[in-house]
Amino acid sequence: MTVTRQEFEDAVAAYWGAKRLQEEQSAIRDAQGAGTAPGAADPAGPRRIRAKR
């Protein structure tokens with residue numbers, strides 16, 4: 001399958017656009033959780049660590 005230069009450039013631009021959006025959303029989530037109780041920013045609640053037996 002042959003990929004044109006334009007298709008390649010479009011794919012790279014889409015990748016970096018999606019990556020930038022994820023980073024922006026992550027920063028927003030981090031800011032919303034700042035100063036709150038542990039796990040409050042996580043809809044699943046705080047994570048529990050199980051002790052090894």
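What you are looking at is a predicted structure, and each value in this text was computed from that prediction instead of being measured.
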Interatomic distance, R20 atom CZ to Y15 atom OH [nearest 0.5 angstrom]: 12.5 Å

Electrostatic pair E9:R5 at N-O distance under 4.0 angstrom: yes

Residues forming a side-chain contact (heavy atoms from CB on, under 4.5 Å) with Q25, sequence neighbours excluded: L21, R29

